[in-house]
Amino acid sequence: MLSKTILLAAGSAALALSAQAADPAAASVAEDIPAARVHPERWPEVAFPTVLTEAGEARVQAILARMTLEQKVGQIIQADIASVTPEDVRRYRLGSVLNGGNSGPGGDDLAPAQDWLALADAFYEASMDVGPGEPAIPIVWGTDAVHGHSNIVGATIFPHNVGLGAARDPELIERIGKVTAVEIRVTGQEWTFAPTVAVPQDYRWGRAYEGYSSDPALVAAYVGSMIRGLQGPPSTTPILAGPHVAASTKHYLADGATTDGKDQGDAAISELELRLVHGAPYIPAIESGVATIMTSFSSWNGVKLSAHRGLVTDVLKGRMNYGGLVITDWNAHGQVAGCSNASCPRAVDAGIDMFMAPDSWRMLYDSTLAQVRDGTIAMERLDDAVARVLRLKERLGLFDMGKPSQRALSGEYELLGAPDHRAVAREAVRKSMVLLKNTGVLPLQPGGRILVAGDAAHDIARQSGGWTLSWQGTGLDNSLFPGATSLWEGIEQAATASGGSAELSPEGSFTERPDAAIVVFGETPYAEFQGDIASLQLRPELRRPIATMQRLKQQGIPVVAVMITGRPLYVNEALNAADAFVAAWLPGSEGGGVADMLFAAADGAPAHEFQGLLPTAWPATAQHGGETLFPFGYGLRYAHGP
Ligand code: BGC
Ligand code: BGC
């Protein structure tokens with residue numbers, strides 16, 4: 001495998017380089033740290049497609065020429081809806097808003113879909129309310145629709161990317177992108193901070209599940225499909241004329257390479273590994289015309305990506321010809337040496353086109369304005385950044401589309417969680433299941449009595465993971481998922497439909513002896529750094545269902561273990577206790593897709609063949625880098641037999 005060879009070869013070089021790296025805080029510019037110096041000529045030349053017509057580009061230039069300095073600075077700032085009002089947008093001419101993981105209209109991240117659309121209109125109208133002679137520049141709203149329109153109650157929730165990586169199906173990925181875009185359009189947003197194209201190398205990282213795979217080729221094979229699904233083909237102008245939104249590949253670069261899998265940490269790797277492993281997905285992303293790219297919180301050999309001029313300007317925009325917009329991550333500019341949340345000229349200088357400044361936008365606006373006035377930030381650079389913001393808006397069609405509620409798909413609330421959308425998600429669930437063990441208990445035969453145990457069996461938030469309704473995916477209950485199906489509900493439906501019965505008992509007790517037990521266990525939701533772990537273990541309080549499996553086994557009841565998890569973990573006790581073991585990842589709202597794989601058809605043959613293959617190796621020990629139990633690409637088929 002190509003990537004493996006590179007990783008091995010790069011290992012010693014990375015060590016040597018990190019030993020050389022100076023104290024990152026002491027460095028004022030990337031070039032001061034030799035290990036963080038890039039060689040753009042070693043990177044591939046990539047073609048960014050033509051995404052604007054000549055008339056569109058002329059319009060961008062004409063607007064730019066009429067803008068005041070204040071307007072220009074406003075355009076390169078994005079504020080969070082929890083910390084900005086439409087009146088602020090009108091006054092400061094801000095270019096963009098986002099809703100962070102815990103933000104929603106009126107301070108309620110569970111607000112009904114109608115409120116999201118109404119707020120989108122309010123921001124739009126504020127942005128268009130200009131004085132005489134001043135160009136009106138519509139605002140653009142970005143959201144983390146990272147597995148479906150996942151901030152909205154009632155939306156279709158797709159499996160997180162780790163599960164999609166198991167499915168090995170780029171065509172499915174494109175359909176997921178399409179459905180996600182349609183649901184975003186219903187509530188009036190125009191931009192999603194997806195897809196994450198991280199290539200995680202250490203699954204202790206709390207964001208590993210947001211990446212498709214540890215294999216760069218697999219990630220790269222998906223990127224174009226997801227971008228096409230979200231945005232349409234590059235020539236689709238304006239994007240909003242079709243059922244589409246702008247995408248963002250993130251987090252540039254090497255977010256999945258940090259030492260010990262520490263979120264926002266440092267990737268101490270060689271330039272070769274940086275390019276061949278972590279850079280690989282950006283080639284198809286650029287070729288597909290991805291509208292935006294988000295820089296990473298993390299650093300490469302001591303220099304934060306938010307201000308890495310070599311990687312942002314020289315490599316991405318220069319060598320790789322990226323013509324879209326580069327945005328920073330959530331106050332990530334505040335982590336740059338010499339910067340704070342309130343001020344970071346170095347990020348602009350490095351090639352950033354928009355600051356994600358959720359709650360810091362006002363101070364950042366003031367400091368940036370002063371820095372352009374005193375020459376700290378070059379006017380030419382500001383104009384380039386603003387032109388890229390305007391191009392995004394022109395490409396979307398924002399100047400001609402009217403307010404969000406007037407656009408196609410807006411307010412068609414029945415499209416949120418529509419049956420055909422859920423069908424795509426259920427198909428994705430089926431295809432993402434990886435069968436790791438089967439002594440013959442699967443598929444479950446028609447007419448059986450099924451016991452369903454485990455603390456994760458009837459918990460839709462848990463099967464959905466982080467970035468679901470709330471930032472961490474916590475504090476939710478099943479009532480917040482109208483139209484969704486828990487694993488238990490899916491199993492009950494399948495058992496009953498087969499002429500059998502099912503009983504739910506989280507502790508695994510039963511009144512009548514079952515023919516088989518399904519025990520659903522695994523991780524609880526987390527996002528970002530809160531999900532970082534020191535070793536590849538399931539927390540002790542989450543291991544109780546494994547004891548249930550062992551007890552049922554002693555009673556002679558066949559046990560099917562279904563693991564809800566964002567990553568492969570050391571769970572040998574469960575693998576030993578169970579007669580069959582399925583890695584279900586974080587399947588999302590369509591729990592019925594799990595049951596589809598477990599139950600036989602009426603004739604006793606499998607109803608669906610397993611197609612999932614491990615998107616990364618499964619560990620034999622709790623140590624990262626320890627022995628492998630199942631290699632990358634492993635996955636059983638019914639056709640293989642027990
Ligand atoms: C995350 C990004 C996300 C942003 C907005 C950041 O903390 O790293 O992936 O898009 O927040 O919610
Ligand atoms: C926000 C997230 C963001 C995170 C960054 C949270 O409060 O809701 O969107 O990614 O902060 O730390």
Side-chain angles (χ1 to χ4, degrees), residues 77-84 95-105 109 116 140-152 160-162 180 184 189-200 205-212 226 230 245-258 261-265 267 278 281 285 290-299 304-306 325-336 341 347 352-361 465-474 525-532 566:
I77 292 180
Q78 179 183 67
D80 186 275
I81 62 166
S83 309
V84 74
S96 181
V97 290
L98 89 149
N99 62 290
N102 285 328
S103 307
D109 65 345
W116 292 80
V140 58
W141 181 337
T143 187
D144 291 294
V146 297
H147 59 145
H149 193 13
S150 44
N151 285 282
I152 304 294
H160 266 299
N161 286 349
V162 64
T180 303
I184 295 169
Q189 290 70 43
E190 303 102 353
W191 178 12
T192 175
F193 304 128
T196 297
V197 300
V199 190
W205 185 34
R207 307 195 74 162
Y209 68 85
E210 295 185 58
Y212 296 115
M226 184 49 94
L230 289 166
V245 296
S248 185
T249 44
K250 68 187 190 186
H251 308 82
Y252 182 84
L253 185 64
D255 48 350
T258 60
K262 190 181 177 307
D263 193 40
Q264 309 187 2
H278 305 280
V290 70
T292 72
I293 289 179
M294 190 188 295
T295 47
S296 184
F297 267 116
S298 58
S299 50
K304 286 282 176 181
L305 266 297
S306 315
L325 174 140
V326 179
I327 182 169
T328 51
D329 202 343
W330 183 277
N331 276 336
H333 59 272
Q335 298 185 13
V336 170
N341 288 356
I352 291 304
D353 304 310
M354 185 181 275
F355 284 108
M356 187 187 290
D359 49 358
S360 54
W361 61 268
W467 298 110
T468 308
L469 302 187
S470 67
W471 177 38
Q472 296 287 325
T474 49
Y526 52 81
E528 301 195 64
F529 41 86
Q530 294 195 22
D532 287 356

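Atoms considered below: every heavy atom in the structure, side chains included; atoms not considered: hydrogens, waters and symmetry mates. Start at 1 and go down the list; that is how both ligands and their atoms are numbered.
- Heavy atoms of Gln264 found under 4.0 angstrom from ligand 1: none, in either backbone or side chain.
- Under the 4.0 Å criterion applied to side-chain N and carboxylate O atoms, Asp329 and Lys304 are not assigned as salt-bridge partners.
- Remark: ligand 1 atoms within the under-4.0 Å shell around heavy atoms of His251 are 2 (C), 8 (O), 9 (O).
- On a distance-only criterion, Asp144 and ligand 1 share at least one N/O pair closer than 3.5 Å.
- Under 4.0 Å from ligand 1, not a single heavy atom of Thr196 appears.
- When heavy-atom distances to ligand 1 are checked against a 4.0 Å cut-off, Trp471 has no atom that comes that close, whether in backbone or side chain.
- Between the side chains of Asp532 and Trp205, no donor N or O sits under 3.5 Å from an acceptor N or O.
- Residue-ligand proximity: Glu210 is placed with every non-hydrogen atom at 4.0 Å or more from ligand 1.
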### Task
Walk me through it: do Phe529 and Trp471 pass the test ring pair (Phe, Tyr, Trp, His ring centres under 6.0 Å)?
CA-CA 12 Å; Phe529 41 86; Trp471 177 38; 5.7 Å; yes
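- The ligand atoms of ligand 1 that sit less than 4.0 angstrom from a heavy atom of Leu98 are 5 (C).
- For ligand 1, the atoms closer than 4.0 angstrom to any heavy atom of Trp330 are 6 (C), 7 (O), 11 (O).
- Every atom of ligand 1 with a heavy atom of Lys250 under 4.0 Å away is listed here by number and element: 2 (C), 3 (C), 9 (O), 10 (O).
- At a cut-off of 3.5 Å, with distance as the only test, no side-chain donor of Ser298 or Asp255 sits close to an acceptor on the other residue.
- Scored by the side-chain hydrogen bond (donor to acceptor under 3.5 Å, both in side chains) test, Thr258 finds no partners at all (sequence neighbours excluded).
- Checked by atom type, the side-chain pair Thr295/His251 shows no donor-acceptor distance below 3.5 Å.
- Within ligand 1, counting atoms from 1 as listed, the ones closer than 4.0 Å to a heavy atom of Phe193 are 10 (O).
- Side-chain N/O atoms of Asp109 and Ser470 include no donor and acceptor closer than 3.5 Å.
- Residue Met356 forms a side-chain contact (heavy atoms from CB on, under 4.5 Å) with just one option from Asn331, Thr328, Ile77, and that option is Thr328.
- Those atoms of ligand 1 with a heavy atom of Glu528 less than 4.0 angstrom away are 1 (C), 6 (C), 7 (O), 8 (O).
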